[in-house]
Structure formats: structure tokens, C-alpha cells
Participant: 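Quick one: this structure, given as C-alpha cells, is what I'll be asking you about.
Counting convention: from 1, in listed order, for ligands and their atoms alike.
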Amino acid sequence: MTHLTARIGPSILSADFLRLGAQIDAVAAAGADYIHVDVMDGRYVPNITVGPPVLRAVRGGTSLPVDVHLMIVEPAQWIDEFVAAGADVLTIHVEADVHVYRTLRAIEEAGAAPGIAINPGTPLVMLEDVLPIVRQVLIMTVNPGFGGQTFIPASLDRIRRMREMIDRRNPQCTLQIDGGIRASNIRKVVEAGADSIVIGSSIFVPDRPVSETMGELRAALAATN
Ligand code: DX5
Ligand code: ZN
């Protein structure tokens with residue numbers, strides 16, 4: 001079997017917020033490719049997390065790319081603020097904005113790479129016509145809102161179909177997935193076509209060093225069975 005690779009982005013949602021700087025240093029030392037920041041507003045999803053001040057602190061504390069996942073309503077109003085706070089990639093949800101084309105353009109103009117995310121129940125065709133103007137597609141593999149949920153099996157087929165669509169419409173575009181990824185399924189999602197993997201609760205495990213948890217994930221990806 002072929003040796004698979006993918007970029008891995010730890011989601012700080014599952015980190016120890018009291019020791020956030022140290023946790024970011026630790027994942028960077030363990031080979032993280034970027035830092036994923038989940039922004040939730042209690043309206044688009046039933047949870048509230050962090051906003052621009054925390055993003056600014058993360059930005060100041062790492063030289064890794066910072067990938068910001070907005071799970072908020074009316075994301076267009078917040079683009080400039082999140083780019084100014086340090087987002088390298090800024091991803092909005094296709095379900096959260098009736099003018100996604102305009103908002104994605106605004107992200108590019110503000111100086112970040114635009115990304116578009118899609119929930120497990122939303123038809124993939126919703127993304128087809130913005131593919132040429134995005135640099136990342138995020139397929140949610142759980143319903144957004146919380147870390148530590150179980151991967152939805154139907155996602156595998158969605159990843160395969162999105163891979164085909166990306167190869168056809170914009171081969172430079174990254175295919176990111178987010179939710180429920182662990183050592184037992186990371187290989188399957190990469191085989192299906194994902195090239196960037198967000199992982200929260202399987203990296204930040206209480207009482208275990210992230211060098212060990214990230215090592216397990218990388219080993220599972222490289223495994224030949
Ligand atoms: C869920 C968030 C994810 C979350 C993933 O709404 O978008 O980024 O942190 O966490 P795990 O890897 O625990 O599913
Ligand atoms: Zn996320």
C-alpha cells in the first residue's frame with residue numbers, strides 16, 4: 001500500500017486554555033502543519049468559543065499558519081477583524097451566508113486565503129460554483145459545534161466526490177476535513193482524498209504528551225495495513 005501524507009492541523013478547541021501558549025509550542029515541536037482555531041457564536045452552532053482577541057494571541061505566539069474556522073452567522077461583517085487579528089486562512093460556512101461569492105472575494109481582498117465549509121447534510125453541489133475562487137474546502141465530518149464527536153461514516157463518500165470536483169474545477173485547492181478523526185480512521189479519509197486534517201480531541205488528550213498522540217496519528221497514516 002502506498003505511503004500517504006497529509007497536513008495535520010491541531011484544533012485548539014480541545015487544548016488546555018490555561019496553558020494555551022505551551023500547548024501550541026508543543027504541537028509545533030511535534031510537527032503540526034498549522035493551527036486550527038474554531039470560532040463559534042452560539043447562533044450558527046449551539047456553542048460559544050473564542051473570538052479575535054484569542055486569535056490575536058495565537059497569532060503572536062506561533063510562526064505556523066493560522067487557519068480560522070468561522071461557525072458564525074453573518075460572517076461577512078467580521079472578515080476584516082479576523083484577518084487583522086491574524087487569520088492566514090479564513091473559512092466561512094456555505095449555509096451561513098446568502099452571499100458567499102461576495103464574502104469569499106472580500107476575504108481574498110482583505111489578504112487571507114478564502115475557505116468554504118459545508119455541513120454533513122448540505123449537498124456538495126452548493127460549492128461547485130465557488131470552487132474556482134477558494135483555496136480551501138472544508139468538509140465537516142461531524143455536525144459542527146463540539147469537539148470529541150464521532151466521525152459520520154457517510155462522509156467518506158462525500159470526500160471522494162469532493163476530491164473529484166476539486167480536481168476538475170480547481171486542483172490547487174486544499175481539501176480539509178474536520179471532526180472525529182483519530183488513528184483508526186485517518187488513513188481512510190486520506191485515501192478518500194483529504195489532504196489536510198483537523199484534529200482536536202485525539203491530539204490534546206489529558207495526561208498524554210502531544211508528541212505521543214501526534215506520533216500515533218502519523219504512524220497510522222504511514223501504516224501499510
Ligand atoms: C467542531 C470543530 C472541530 C473540532 C474537532 O465543530 O470544527 O474543529 O475541534 O474536534 P475533534 O477532532 O475532537 O472532533
Ligand atoms: Zn473546526
Participant: Taking S211 for the side chain and A30 for the main chain, is one N or O donor matched with an acceptor at less than 3.5 Å?
Facilitator: no
Participant: Dump all N/O pairs between ligand 1 and the protein below 3.5 Å as a table: atom names plus distance, one pair per row.
Facilitator:
from, atom 1, to, atom 2, distance (Å)
ligand 1, 6 (O), G145, N, 2.8
ligand 1, 7 (O), D38, OD1, 3.0
ligand 1, 7 (O), H69, ND1, 3.3
ligand 1, 7 (O), D178, OD2, 2.9
ligand 1, 8 (O), H36, NE2, 3.4
ligand 1, 8 (O), D38, OD1, 3.1
ligand 1, 8 (O), D38, OD2, 2.7
ligand 1, 8 (O), D178, OD1, 2.7
ligand 1, 8 (O), D178, OD2, 3.0
ligand 1, 9 (O), S11, OG, 2.9
ligand 1, 9 (O), D38, OD2, 3.2
ligand 1, 12 (O), G200, N, 2.8
ligand 1, 13 (O), G148, N, 2.7
ligand 1, 13 (O), S201, N, 3.0
ligand 1, 13 (O), S201, OG, 2.5
ligand 1, 14 (O), G180, N, 2.8

Participant: In terms of hydrophobic clustering (I, L, V, M, F, W, Y; side-chain heavy atoms under 4.5 Å; direct or indirect links), are L138 and I181 co-clustered?
Facilitator: no
Participant: Thinking salt bridges, do R187 and E191 make one under a 4.0 Å N-O criterion?
Facilitator: yes
Participant: Strictly under 2.8 Å of the Zn ion (ligand 2): which protein N/O/S atoms qualify?
Facilitator: H36 NE2, D38 OD1, H69 ND1, D178 OD2
Participant: Within the 4.5 Å heavy-atom criterion, are D38 and D178 side-chain neighbours or not?
Facilitator: yes
Participant: Quick one: do D67 and R135 make a salt bridge, cutoff under 4.0 Å?
Facilitator: no
Participant: Please set out all donor-acceptor pairs under 3.5 angstrom arising from side-chain atoms of residues 73-83, sequence neighbours excluded.
Facilitator:
from, atom 1, to, atom 2, distance (Å)
E74, OE1, Q77, NE2, 2.8

Participant: Is the shortest side-chain heavy-atom distance between I152 and M140 below 4.5 Å?
Facilitator: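 No, every pair of side-chain atoms sits at 4.5 Å or beyond.
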Participant: Tell me, please, which residues at least two apart from Y44 pass ring-ring contact (aromatic ring centres under 6.0 Å, His included).
Facilitator: H93
Participant: Group every Ile, Leu, Val, Met, Phe, Trp and Tyr by side-chain heavy-atom contacts under 4.5 Å, then state whether V39 and L13 land in the same group.
Facilitator: no
